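Keep in mind that what you see is a predicted model, and the values were worked out from it rather than measured.
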Amino acid sequence: MTANRMPSVLRHGLWRTVCAASGGLTVSGRWRATGACVVVANHSSHADSAVLLAALPPATRPVIGAAADYWFAVPTRRAVATSLIGVLPVRRSGDGTYAALLAAAGPALKAGRTVVIYPEGTRSTDDTIGEFRSGALRLACDCGVPILPVAIAGTADVLPKNGRYSPAPMRVQIGAPLDPHTTSAPQLRAHVLALREDAGAELVDRYALAS
C-alpha cells in the first residue's frame with residue numbers, strides 16, 4: 001500500500017466501524033468509474049460524509065467538498081474536517097465561488113482522486129432533494145472527468161439537521177458514471193432521485209423484515 005493511500009484506508013475503516021455502530025450501512029451498485037471522478041450526492045445530514053467515506057472504495061482516495069464557512073470557522077471542526085474527513089473547503093456564496101471550487105478540487109482530480117460534491121449546497125431539513133447547482137458538472141467538464149451520481153438514505157434518521165443522534169439503518173446506492181458534457185443539472189438530480197427511491201425502498205423492506 002502506498003503512503004498516500006493510507007489516510008483514505010484509515011478513514012474508510014474508521015467510518016465503516018462508526019456506521020456499523022450507528023444502525024448499519026448497506027452499499028448497492030458497482031463502482032464503475034476508472035480514475036478521477038466527481039461524485040454528487042443528496043445531502044440531509046452531517047452523517048452523509050461519514051457514510052460516503054465508508055461506502056466509496058478507499059483506493060479512490062475520496063475527498064469531500066464542504067462549506068468553508070462552517071467547517072473551518074471553529075478550530076474543533078477544522079481538526080475533524082482535515083484529519084477525520086478530508087474536507088476541501090468550498091465557499092458557498094459570493095463572487096468567485098466556482099473559481100474557488102476549481103482551485104480546491106482541481107489538484108485532487110488531477111492527482112486521480114474522487115471529489116465528492118453536494119450540489120444542493122446545504123443540508124435538507126425535510127429529507128427532500130433540493131435543486132442542484134451546476135458547479136459540480138462544470139468542474140467535471142473543466143477537469144475532463146466523469147460525474148457519478150450517488151444516493152444516500154437513512155442518514156436524516158441518524159443525525160438530522162438541528163436534531164439528535166439516533167441509530168438507524170443507512171444505505172448508499174451507487175449509480176453509473178455520466179458524461180458531464182451531455183448531462184444537465186436537472187438530469188443529474190433526476191438520476192440521484194431515482195437512486196434514492198431505490199435506496200429508500202430497500203430501507204423500508206429492512207424495517208419490515210425486522211419488525
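Just one residue in the list T155, I152, V51 forms a side-chain contact (heavy atoms from CB on, under 4.5 Å) with L25, and that residue is V51. The side-chain contact (heavy atoms from CB on, under 4.5 Å) test with I147 is passed by exactly one of D179, L188, V39: L188.
Residues G65 and V90 share a closest heavy-atom pair of CA-CG2, 3.9 Å. Across all their heavy atoms, P89 and A104 have their closest contact at O-CB, 3.9 Å. Taking each heavy atom of L56 and P62 in turn, the nearest pair found is CD1-CB, 4.1 Å. C19 approaches A50 most closely through the heavy-atom pair SG-O, 4.2 Å. What you find for R113 and V63 is that their closest heavy atoms are NH2-CG1, 3.4 Å. Nearest approach of A36 to P146, heavy atoms of both residues: O-CD, 3.5 Å.
No donor-acceptor distance shorter than 3.5 angstrom exists from the side chain of H43 to the backbone of S124, with no hydrogens or angles considered. No side-chain donor-acceptor contact under 3.5 Å links R5 to the backbone of R61.
Atom CZ of R16 sits in a sparse spot, with 12 or fewer heavy atoms from other residues, nucleotides or ligands closer than 6.0 Å.
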(message) Determine whether Y98 and S134 satisfy the following criterion, side chain to side chain contact (heavy atoms under 4.5 Å, CB included), listing intermediate values before the conclusion.
(response) CA-CA 10 Å; Y98 175 71; S134 61; over 6 Å; no
(request) Just do the side chain to side chain contact (heavy atoms under 4.5 Å, CB included) check on T122 and K161 with the steps written out, would you? (result) CA-CA 10 Å; T122 188; K161 186 174 183 179; 3.5 Å; yes
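The shortest distance between side-chain heavy atoms of L195 and V150 does not fall below 4.5 Å. Contact of the W31 side chain with the C37 side chain is registered, since non-hydrogen atoms from C-beta on lie closer than 4.5 Å. Between Y118 and V40 the shortest side-chain heavy-atom distance does not fall below 4.5 Å. Contact of the W15 side chain with the L52 side chain is not registered, since no non-hydrogen atoms from C-beta on lie closer than 4.5 Å. Within the 4.5 Å cutoff, the side chain of H46 has heavy atoms near those of the W71 side chain. Looking at L102 and R138, their side chains never come closer than 4.5 Å, going by heavy atoms from C-beta outward. Looking at heavy atoms from C-beta onward, R196 lies out of side-chain contact with Q173 at the 4.5 angstrom threshold. By the 4.5 Å heavy-atom criterion applied to side chains, F132 and L137 are not counted as neighbours.
Note: the hydrophobic cluster containing V80 also contains L159 (ILVMFWY, side chain heavy atoms under 4.5 Å, direct or indirect links). Note on L53: it clusters hydrophobically with Y165, by side-chain heavy-atom contacts below 4.5 Å among ILVMFWY residues. No path of Ile, Leu, Val, Met, Phe, Trp and Tyr side chains, each step under 4.5 Å between heavy atoms, connects L109 with V87, placing them in separate hydrophobic clusters. By the rule that hydrophobic residues join a cluster once side-chain heavy atoms approach within less than 4.5 Å of another member, V27 and V192 end up as members of separate clusters.
The structure places OG of S22 at 5.0 Å from CE of M170, a figure rounded to the nearest 0.5 Å. Here the OG1 atom belonging to T82 is positioned 8.5 Å from the CZ atom belonging to R78, to the nearest 0.5 angstrom. Rounding to the nearest 0.5 Å places CG of L88 at 8.5 Å from CG of L101. Considering CG of L193 and CG of N42, their distance stands at 8.0 Å, rounded to 0.5 Å. To the nearest 0.5 Å, the span separating CG on L178 from CG on L148 amounts to 7.5 Å. Rounding to the nearest 0.5 Å gives a distance of 8.0 Å between CZ of R11 and CG of L84.
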